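Everything quoted here is computed from the prediction, not taken from an experiment.
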Amino acid sequence: MLHMPKNIVILTGAGISAESGLDTFRDQGGLWANHSVDEVATPEAFVKNPKKVQKFYNQRRQELRNVEPNNAHRALATLEERWDGDFTLITQNVDDLHERAGSKNLLHMHGELLKVRCTHSHEIISWQEDLDAKTPSPFHPEGILRPHIVWFGELPLYMDVIFRKLDEADIFVAIGTSGQVYPAGGFVQHVYMKGNCDRIEINLDQSDLSYLFNEHYTGKATEEVPKWVDALLQAK
Ligand code: OAD
């Protein structure tokens, strides 16, 4: 029987962008240590205090201007280019470092900082500038522009295609994510239950979900991701 190319699904989290200079959420001194989720990352917060919410995301958008993709982002782009099987990169990150590194088949399940959308028509546009509490929407007179970010209590994006890809995955890799936010935290359990899927975790540390993975690369993403990619491409 001919050897069939394998389907890879990769999930990334804030840890892959940490060495580029972006804060993670739950590590010591992370974003959620200095900002309250309830005040900046929920639809209710946006209704109650839109100025505060916009300020938080304006800062995140501005930070993006001063950072660059790192070797971990670049290694995943190289893997995608050289891989014969299906390749899907799912990111919980709202930065654009994967695309700047050259990744193509990329799903931003928690939205994107460099996009905004109309609160009325839900149309989405690319956006680089700051938003204020009531930046008018170009799409509808009653709409204002909000960050194209999935807030707590909202549904993540692309879930139908993501679960289809997970069902077909032969290799699932989680990189730089604590696994504490669902549904992304449930992806490893999903592929574990379906069986026939290698489950690899690449993280600086153990996570709460480490026991569900059968292989671990423990260390910095900029070192461990290229190491894993090289090993995989050599075994091809
Ligand atoms: P977390 O901040 O929860 O977790 C970051 C993970 O990255 C931790 O497990 C760290 O050990 C690991 N890490 C940190 N530095 C690393 C490095 N240099 N190399 C490798 N690993 C490293 O971030 P996420 O899991 O991405 O959602 O958080 C998930 C979601 O929670 C985010 O998308 C965001 C947040 O609330 C929304 O805002 C909707």
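Using a cutoff of 4.0 Å between basic side-chain nitrogens and carboxylate oxygens, Lys115 and Glu99 are not scored as salt-bridged. A salt bridge links Lys165 with Asp86: the closest approach of a Lys/Arg side-chain nitrogen to an acidic carboxylate oxygen falls below 4.0 angstrom.
No hydrogens or angles considered: a donor-acceptor pair under 3.5 Å links the side chains of Ser17 and Asp95. In summary, the side chains of Asp130 and Gln62 do present a donor paired with an acceptor at a separation below 3.5 Å, with no hydrogens or angles considered. Ser137 and His120 share no side-chain donor-acceptor pair at under 3.5 Å. Donor-acceptor pairing under 3.5 Å is lacking for the side chains of Thr119 and His140.
Taking the side chain as every heavy atom from C-beta outward, Leu79 and Leu233 approach each other to under 4.5 Å. Inter-residue side-chain proximity for Pro147 and Gln54 is flagged as met; some heavy-atom pair is nearer than 4.5 Å. Residues Leu155 and Val150 form no side-chain contact, since every pair of their non-hydrogen atoms from C-beta on lies 4.5 Å or further apart. Here the side chains of Arg61 and Leu131 are in contact, with some heavy-atom distance below 4.5 Å.
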Using side-chain contact (heavy atoms from CB on, under 4.5 Å), reason through Tyr217 and Glu223 one step at a time and then give a plain yes or no. CA-CA 10 Å; Tyr217 285 69; Glu223 291 167 11; over 6 Å; no
Checking Ile10 against Phe87 for the side-chain contact (heavy atoms from CB on, under 4.5 Å) test, could you report, in this order, the C-alpha distance in whole Å, the side-chain angles of both residues, the deciding distance, and whether it holds? CA-CA 8 Å; Ile10 299 174; Phe87 179 98; 3.7 Å; yes
Just do the side-chain contact (heavy atoms from CB on, under 4.5 Å) check on Trp83 and Leu232 with the steps written out, would you? CA-CA 10 Å; Trp83 193 247; Leu232 190 69; 3.8 Å; yes
Could you give me the CA-CA distance, side-chain angles and deciding distance for Glu39 and Asn49, then say whether side-chain contact (heavy atoms from CB on, under 4.5 Å) is met? CA-CA 8 Å; Glu39 289 176 15; Asn49 193 344; over 6 Å; no
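Between Ser207 and Ser210, the shortest heavy-atom distance links the atoms N-OG, 2.8 Å.
Taking CG from Leu97 and NE2 from His73, the interatomic distance works out to 4.5 Å, rounded to the nearest 0.5 Å. Taken from CG in Leu11 to OG1 in Thr91, the straight-line distance is 7.5 Å, to the nearest 0.5 Å. Of the inter-residue distances, the one linking Ile171 atom CD1 with Asp198 atom CG reads 6.0 Å to the nearest 0.5 angstrom. Ile175 contributes atom CD1, which lies 7.5 Å from atom CG of Leu89 (distance to the nearest 0.5 angstrom). Rounding to the nearest 0.5 Å gives a distance of 14.5 Å between NE2 of His148 and CH2 of Trp127.
Crowding of Glu129 atom CD: a count of heavy atoms from other residues, nucleotides or ligands under 6.0 Å not exceeding 12. Within 6.0 Å of atom CG in Asn34, more than 12 heavy atoms from other residues, nucleotides or ligands are found, so the atom counts as buried in its surroundings. Around NZ of Lys104, the count of heavy atoms belonging to other residues, nucleotides or ligands within 6.0 Å does not exceed 12.
Residue pairs meeting the ring pair (Phe, Tyr, Trp, His ring centres under 6.0 Å) criterion with at least one member in residues 167-207, sequence neighbours excluded, are Phe163-Phe187, Phe163-His190.
Residues satisfying the salt bridge (charged side-chain N to carboxylate O under 4.0 Å, His left out) criterion with Asp84, sequence neighbours excluded, are Lys236. For the salt bridge (charged side-chain N to carboxylate O under 4.0 Å, His left out) test, residues two or more places apart in sequence or in another chain that qualify with Glu63 are Arg60.
Aromatic ring pairs are classed by plane angle as parallel below 30°, tilted from 30° to 60° and perpendicular above 60°; the pair Phe56 and Trp32 is parallel.
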